[in-house]
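Reading through the structure tokens given below for one structure.
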Amino acid sequence: MTREFDLGDGLTVAVDQRDGAEPAVLVLHGGAGPRSVAGLAGLLPGDPTVLTPTHPGFDGQPRPSWFDGVADLAVAYLDLLDVLELDRVLVVGSSIGGWIAAEMATRDTRHRIGGVVLLNAVGIDPAQGELTDTRKLNPAQLGELAFVNPALRLDPSTLTDEQRAAALANQQTLAVYAGEPFMYDPKLRRRLRRVDAPALVVWGERDGIATVDYGRSYAQAFPKGRFVLAPEAGHFPHIEAAALTAASIEEFVRQEL
């Protein structure tokens with residue numbers, strides 16, 4: 001079921017909702033769009049309510065001109081949790097979705113969040129490890145860095161003109177949110193020390209976009225952070241290492257939530 005929420009000031013957010021038990025799970029996609037996290041609901045323990053919003057500007061969704069940063073997304077999704085009156089929510093974010101989750105956790109003054117799971121997230125400065133500027137890459141190069149399994153890499157020649165236009169629009173929206181410096185906030189690492197919620201960082205060992213050292217330093221920046229390495233996976237461990245990711249999230253939820 002897809003629901004549309006009016007969050008004020010001309011901002012509406014479309015949310016794919018799968019009803020189940022509580023606590024609920026909020027799943028946040030990265031620059032690859034909502035389809036890149038479509039399988040995450042099946043990896044979650046139990047039968048939780050799963051909310052998967054499409055970020056404004058992605059997949060043709062409207063985006064107000066003032067809504068132009070990760071901080072805006074973080075506040076909007078905290079507002080969404082307020083509207084739904086949800087507590088102890090597990091926020092799971094892939095890539096820039098992980099950045100949004102981290103920013104939400106630093107702003108969670110009403111204690112809506114029970115824990116965060118970051119899947120090869122961006123967002124902190126690359127003081128340790130490396131973060132690739134993907135704006136310089138064509139789709140084929142991006143696929144080579146993101147996936148270990150060649151079969152999962154997108155073949156641009158198979159896309160229709162409509163699909164190419166949609167992909168380009170998504171990348172343009174990503175560039176708006178990711179800002180400058182691209183894909184990180186130089187001050188976020190320091191702010192993470194204020195996060196009360198426990199954090200699980202799952203990292204594809206062979207990610208060519210954000211390296212393992214970057215991921216380890218992300219986990220270490222949280223007061224209650226833990227790190228899990230996913231061998232033979234790239235930027236999307238929930239796709240290439242689904243069983244390990246599922247087991248890691250299940251253990252995290254059992255111990256922390």
Distance-only, no hydrogens or angles: does the Glu240 side chain make a donor-acceptor pair with backbone N or O of Val148 under 3.5 Å? yes

Side chain Glu251, main chain Ser248, donor-acceptor under 3.5 Å: no

Can you tell me which residue pairs pass the salt bridge (charged side-chain N to carboxylate O under 4.0 Å, His left out) test with a partner in residues 32-51, sequence neighbours excluded? Arg18-Asp47, Arg35-Asp59

Measure the shortest side-chain to side-chain distance between Val201 and Phe227 over non-hydrogen atoms and say whether it is less than 4.5 angstrom. yes

Which label fits Phe147 and Phe236: parallel for a plane angle under 30°, tilted from 30 to 60°, or perpendicular past 60°? parallel

Going by side chain to side chain donor-acceptor pair (under 3.5 Å), name the residues that satisfy it together with Glu22, two or more places apart in sequence or in a different chain. none

For Ser95, all residues meeting side chain to side chain donor-acceptor pair (under 3.5 Å), sequence neighbours excluded: His235

Check side-chain contact (heavy atoms from CB on, under 4.5 Å) between Asp196 and all other residues, then give those that pass, not counting sequence neighbours. His111

Using a 3.5 Å distance criterion without hydrogens, assess whether the side chain of Asp9 forms a donor-acceptor pair with backbone atoms of Leu11. no

Going only through I, L, V, M, F, W and Y residues with side-chain contacts under 4.5 Å, is there a path from Trp66 to Ile100? yes

Main-chain N/O of Pro45 paired with Glu250 side-chain donor or acceptor, under 3.5 Å: no

Could you tell me whether the side chain of Ile209 reaches within less than 4.5 Å of the side chain of Asn120, counting heavy atoms only? no

Passing option when Phe5 is tested against Asp79, Thr12, Leu51, Leu84 for side chain to side chain contact (heavy atoms under 4.5 Å, CB included): Leu84

Determine whether Leu192 and Val75 fall in the same hydrophobic cluster, where Ile, Leu, Val, Met, Phe, Trp and Tyr are linked whenever their side-chain heavy atoms lie under 4.5 Å apart. no

Taking only residues two or more places apart in sequence or in another chain, which ones pass side-chain contact (heavy atoms from CB on, under 4.5 Å) with Thr158? Asp155

Between Thr160 and Gln163 (side chain of the first, backbone of the second, donor and acceptor by atom type, cut-off under 3.5 Å), is there such a pair? yes

Quick one: list whatever passes side-chain contact (heavy atoms from CB on, under 4.5 Å) with Leu154, sequence neighbours left out. Leu159

If hydrophobic clusters are built by linking Ile, Leu, Val, Met, Phe, Trp and Tyr wherever their side-chain heavy atoms come under 4.5 Å apart, do Leu142 and Tyr214 end up in the same one? no

If the condition is side chain to side chain donor-acceptor pair (under 3.5 Å), which residues does Arg194 pass it with, not counting sequence neighbours? none

Do Thr106 side-chain atoms and Leu188 backbone N/O form a donor-acceptor pair below 3.5 Å? no

Any salt bridge (charged side-chain N to carboxylate O under 4.0 Å, His left out) involving residues 114-133? Give me the pairs, sequence neighbours left out, ordered by first then second residue. Asp125-Arg189, Asp133-Arg135

Measure from the side-chain N and O atoms of Arg216 to the backbone N and O of Gln220, and report whether any donor-acceptor pair falls under 3.5 Å. no

Among residues at least two apart in sequence or on other chains, which ones pass side chain to side chain donor-acceptor pair (under 3.5 Å) with Asp6? none

Under 3.5 Å, is there a donor-acceptor pair between the side chain of His55 and the main chain of Leu28? no

Test: salt bridge (charged side-chain N to carboxylate O under 4.0 Å, His left out). Region: residues 203-212. Which pairs qualify, not counting sequence neighbours? Arg206-Glu232

Just to verify, what does Arg193 make a side-chain contact (heavy atoms from CB on, under 4.5 Å) with, not counting sequence neighbours? Arg190

Can you establish whether the number of heavy atoms outside Glu4 located under 6.0 Å from its atom CD is more than 12? yes

Which ILVMFWY residues are connected to Val92, directly or by a chain of links, through side-chain heavy atoms under 4.5 Å apart? Val25, Val27, Val37, Leu40, Leu43, Leu44, Val50, Leu90, Val117, Leu119, Leu200, Val202, Val228, Leu244, Ile249, Phe252, Val253, Leu257

